[in-house]
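A quick write-up on the structure given underneath.
Order of the sequence lines sets the chain letters (A, B, ...), proteins ahead of strands, with each chain counted from 1. Below, all heavy atoms of this structure are taken into account, side chains as well, without hydrogens, waters or symmetry copies. On a predicted model such as this, the values are computed, not experimentally measured, just so you know.
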Number of protein chains: 4
Amino acid sequence: MQANDDVLVAAPARRPGRRRDASKDDVILEATRQLIAERGYEGMTMDAVAERAGTGKATVYRRWPSKVELTVDAVICGRQFILTIDDVPDTGSLRSDLMSIRGAARGSRNDELMHGLHQAARVDPQVAAVFHEQFVIARTALMRALLERALHRGEIAPGRDLDMIATVAPAMIAYQKVVAGGKAGPDYIERMIDHIIVPLATGSVPAAE
Amino acid sequence: MQANDDVLVAAPARRPGRRRDASKDDVILEATRQLIAERGYEGMTMDAVAERAGTGKATVYRRWPSKVELTVDAVICGRQFILTIDDVPDTGSLRSDLMSIRGAARGSRNDELMHGLHQAARVDPQVAAVFHEQFVIARTALMRALLERALHRGEIAPGRDLDMIATVAPAMIAYQKVVAGGKAGPDYIERMIDHIIVPLATGSVPAAE
Amino acid sequence: MQANDDVLVAAPARRPGRRRDASKDDVILEATRQLIAERGYEGMTMDAVAERAGTGKATVYRRWPSKVELTVDAVICGRQFILTIDDVPDTGSLRSDLMSIRGAARGSRNDELMHGLHQAARVDPQVAAVFHEQFVIARTALMRALLERALHRGEIAPGRDLDMIATVAPAMIAYQKVVAGGKAGPDYIERMIDHIIVPLATGSVPAAE
Amino acid sequence: MQANDDVLVAAPARRPGRRRDASKDDVILEATRQLIAERGYEGMTMDAVAERAGTGKATVYRRWPSKVELTVDAVICGRQFILTIDDVPDTGSLRSDLMSIRGAARGSRNDELMHGLHQAARVDPQVAAVFHEQFVIARTALMRALLERALHRGEIAPGRDLDMIATVAPAMIAYQKVVAGGKAGPDYIERMIDHIIVPLATGSVPAAE
DNA sequence: CGGTAAGCGAGACGGTACGTCGAGTCTTAAA
DNA sequence: TTTAAGACTCGACGTACCGTCTCGCTTACCG
């Protein structure tokens with residue numbers, strides 16, 4: 001899916017000819033993101049992408065074979081970060097760990113981008129695989145790791161199905177953003193942490209407010 | 001959104017000319033559902049709908065003003081049922097109540113239809129409202145009602161945020177179907193009931209298997 | 001080659017559906033001729049044709065399958081007339097017959113159109129056939145008929161190869177217009193008549209000037 | 001028009017660096033001719049020329065500034081010869097002089113090349129000048145010279161317009177090749193000589209066959 | 001005899017036209 | 001007036017080609 005995937009291990013004799021201007025990739029991807037955010041996936045046209053990027057259409061199509069593939073890379077490469085367990089310092093409790101990453105992966109136009117990618121995933125199964133890898137697996141894996149850290153701290157009640165619990169938060173956030181109206185704000189996430197995730201993991205019940 | 005909304009109360013003097021063939025509605029809606037299931041929302045073209053339905057395009061557009069609206073009705077009218085609390089007999093426990101509706105709203109092509117509708121919802125806010133009403137509110141409301149019934153039975157532990165819990169199951173199911181790969185089978189749902197929903201509501205932990 | 005070729009003898013039960021707006025044909029063809037005259041064949045783009053004709057590109061392509069075919073019809077239908085022997089009154093002598101048609105088939109932009117058609121003929125053999133029919137056969141046939149009329153008058157010297165002579169004038173005019181610089185003016189044609197065609201046919205020699 | 005025209009008078013101190021590989025010129029020109037013959041002018045692409053010549057496109061463009069200029073040189077340099085009066089031995093009669101050059105400037109693919117050049121001439125006036133010089137002036141001049149030689153022999157009847165007659169043969173041959181279907185074979189040329197050119201010049205009529 | 005400027009094959013670049021196709025509207029003759 | 005059929009406008013998609021530019025290499029002259 002990556003554009004510059006000619007890594008070709010043990011092929012030091014690089015092909016002749018002018019090399020692709022790697023900086024164009026970023027310019028095109030950024031133009032794509034802007035246009036998706038401004039006009040949505042349908043409204044983002046390849047001509048507009050090329051024009052805003054200051055390139056010809058052929059340059060776009062030389063790097064990405066179709067609109068959906070471009071969208072995929074635009075969204076994936078545009079993610080601020082994919083958090084892993086190493087990015088989240090151990091704050092000493094599951095709740096504060098979760099609160100510390102509460103704001104991750106949000107942004108002004110992220111939801112529209114997310115939908116563009118999701119739409120593309122439906123069209124192309126290869127794209128769907130990337131989508132699944134980046135957004136489903138990665139996020140569930142982070143949750144799972146945080147839960148295991150809490151387990152080692154002794155926070156987790158016995159008998160819990162950690163795999164299942166790890167999917168609850170990604171599911172609820174995606175549901176709010178993708179299925180419901182796109183309002184997974186900090187308050188919602190805090191409420192989810194306090195009333196769903198932490199109780200599920202630890203067996204405790206939040207104090208009445 | 002309903003097609004035949006020109007009933008014009010107190011207009012007994014019916015208009016001249018040929019009357020609409022009401023049976024066309026169903027034919028067109030079924031053609032729409034088939035095509036969405038076969039080719040996805042993008043691949044479902046209005047020409048193809050008209051051709052498969054054996055009608056002209058004008059007949060389609062006379063009844064639905066756009067592709068998205070047609071998609072909405074195709075999916076909504078195609079649903080087997082929208083369950084309400086009255087449709088679910090009180091089985092005496094939250095778990096068995098939930099298990100009794102485990103198979104609802106599934107079907108061979110339902111996921112693709114769901115996605116078609118979801119896509120349409122992004123394009124048209126009016127459609128989004130219908131979508132939200134039919135798929136978000138309705139399902140959450142059913143969960144909420146089941147939880148309240150369990151509360152009256154005394155199953156619910158104190159201090160629970162029932163509104164939040166009511167959204168967990170719809171969120172996880174939709175996530176599996178729409179975001180992940182579309183595999184919300186009976187086993188998954190049972191596992192979700194036993195390890196997530198019931199523990200959240202009752203504070204209990206499932207017996208080790 | 002003609003656009004409206006649905007003459008379909010003995011098919012009185014015409015198909016349903018909107019009929020093609022026959023007036024569009026003329027509008028499109030005229031736009032094509034204008035653009036060829038203004039910008040040449042290469043400069044005449046299908047987008048520009050559609051825009052000037054006030055139609056969509058699909059309407060153009062529904063009627064003509066490609067740029068070359070459109071060019072053919074534009075030029076053929078744009079010809080002022082194809083003269084036949086019946087159009088040329090018998091003036092009593094070959095020379096005055098020829099002089100009476102001296103100005104035929106000329107016009108401000110006719111040469112550029114001619115070239116457009118000629119170019120198209122090279123690309124498509126079917127087009128070449130039409131071209132040959134309209135511009136080679138028709139013109140030679142007229143010359144041949146005029147020569148035979150003169151033969152009946154007794155103007156033609158014995159032993160002449162009338163078929164060969166009939167091609168001389170079309171060849172020389174086309175040569176001047178297509179191969180040389182496009183200057184087959186009235187003076188040139190008169191000179192050709194007096195020093196080439198009439199001498200060839202009658203065996204006479206023009207009076208010294 | 002010539003490729004190596006950078007002779008830069010009074011610049012004997014030639015530039016440093018590698019010199020152009022003169023052999024490339026011929027390879028490129030031959031590739032051009034082949035492709036024009038195979039696919040026509042439109043179908044002959046610069047990429048294909050470079051590929052078949054085994055060179056890069058830059059090497060082509062370093063030598064010829066555009067497709068039309070390349071075409072010109074390809075056709076001009078590809079001609080077997082441009083005959084002048086010095087190339088045609090005096091055979092003692094106009095007819096035998098003409099018959100001796102009957103086969104000149106023909107060849108398997110010459111017609112397509114001719115059309116390529118002609119097409120290019122329409123696009124670029126500078127090319128048109130070269131075309132006119134090489135194919136119109138040169139050929140008419142040869143005819144004119146042959147006629148004058150016949151005049152000195154006493155073959156030419158008085159009062160003839162030799163300039164006009166000199167254009168008849170080039171016009172008829174070009175017409176056959178470019179406008180009509182490309183069939184100016186030896187038989188046709190002999191017939192033209194016997195029934196058109198010689199009668200026009202000498203006033204005689206061919207013997208009936 | 002080594003530096004250097006230019007030529008070389010390969011191919012990416014911006015731009016632009018082509019021909020296809022889909023959405024939604026409009027028109028026809030018949031029912 | 002509705003129907004089936006299908007032509008209509010608009011505009012995006014993806015391909016191809018032209019003429020330019022850039023890469024890393026190779027050649028041949030010139031100091």
_Min side-chain heavy-atom separation C/R52-C/E38 under 4.5 Å_ = yes
*Nearest-Å distance for atom pair CG/P, residues A/D47 and E/dG15*: 12 Å
*asked:* Both A/G54 and C/G43 contact DNA chain E. Which one's nearest nucleotide lies toward the 5' end?
replied: A/G54
*Which nucleotide sits closest to the side chain of C/R19: E/dT28, E/dC8, E/dG24?*
E/dT28
_Nucleotide of F/dA7, F/dC13, E/dA12 approaching A/T45 most closely (side-chain heavy atoms)_ = F/dC13
*Out of F/dC18, E/dG24, F/dA4, whichever nucleotide has its closest atom nearest the side chain of B/S66*: E/dG24
_Spacing between D/D25 atom CG and E/dG7 atom P, to the nearest angstrom_ = 13 Å
*Roughly how many Å is it from CZ in D/R52 to C1' in E/dA10, rounded to a whole number?*
19 Å
*So does A/T59 get a side-chain nitrogen or oxygen closer than 4.0 Å to the phosphate oxygens (OP1/OP2) of E/dG14?*
yes
*Where the side chain of D/R20 is defined as all heavy atoms beyond and including C-beta, which of F/dG19, E/dC8, E/dA12 is the nearest nucleotide?*
E/dC8
*Phosphate-side-chain proximity, D/Y61 and F/dT20, N/O vs OP1/OP2 below 4.0 Å*: no
*Using only side-chain N and O atoms of B/K24, determine if any of them is under 4.0 Å from OP1 or OP2 of F/dT2.*
no
_Applying side-chain contact (heavy atoms from CB on, under 4.5 Å) to B/D73 and B/R63, what does each step give before you reach the verdict?_
CA-CA 11 Å; B/D73 273 15; B/R63 291 149 193 256; over 6 Å; no
_Protein-nucleotide distance (A/E51, atom CD; E/dT16, atom C1'), rounded to Å_ = 13 Å
*asked:* Rounded to the nearest 0.5 Å, what separates atom OG1 in B/T59 from atom CD1 in B/I28?
replied: 6.5 Å
_CZ on A/R33 to CG on A/D26, rounded to 0.5 Å_ = 7.5 Å
*Would you say a side-chain N or O of A/K67 is under 4.0 Å from OP1 or OP2 of F/dC13?*
yes
*Separation of F/dA5 P from C/R62 CZ (nearest whole Å)*: 17 Å
*So does D/K57 reach the base of F/dG19 with its side chain, donor to acceptor, closer than 3.5 Å?*
yes
*Where do A/A31 and A/V49 come nearest, in terms of heavy atoms and distance?*
CB-O, 3.9 Å
*Given atom CD1 of B/I28 and atom P of F/dT3, what is their separation to the nearest angstrom?*
8 Å
*Mind checking the OG1-CE spacing from A/T32 to A/M44? Nearest 0.5 Å is all I need.*
5.5 Å
*Separation of atom CE in D/M46 from atom P in E/dG11, rounded to whole Å*: 18 Å
*With DNA chain F as reference, determine whether A/P65 or C/A53 sits nearer its 5' end, using the nearest nucleotide of each.*
C/A53
*Rounded distance in Å - CH2 (C/W64) to P (E/dC18)*: 15 Å
*Between the base of F/dC21 and the side chain of A/R18, is there any donor-acceptor pair under 3.5 Å?*
yes
*Select one nucleotide: of E/dC21, E/dG9, F/dG6, the one nearest the side-chain heavy atoms of C/A58.*
E/dC21
*So which one's nearest nucleotide on DNA chain F is more toward 5', A/A48 or B/G56?*
B/G56
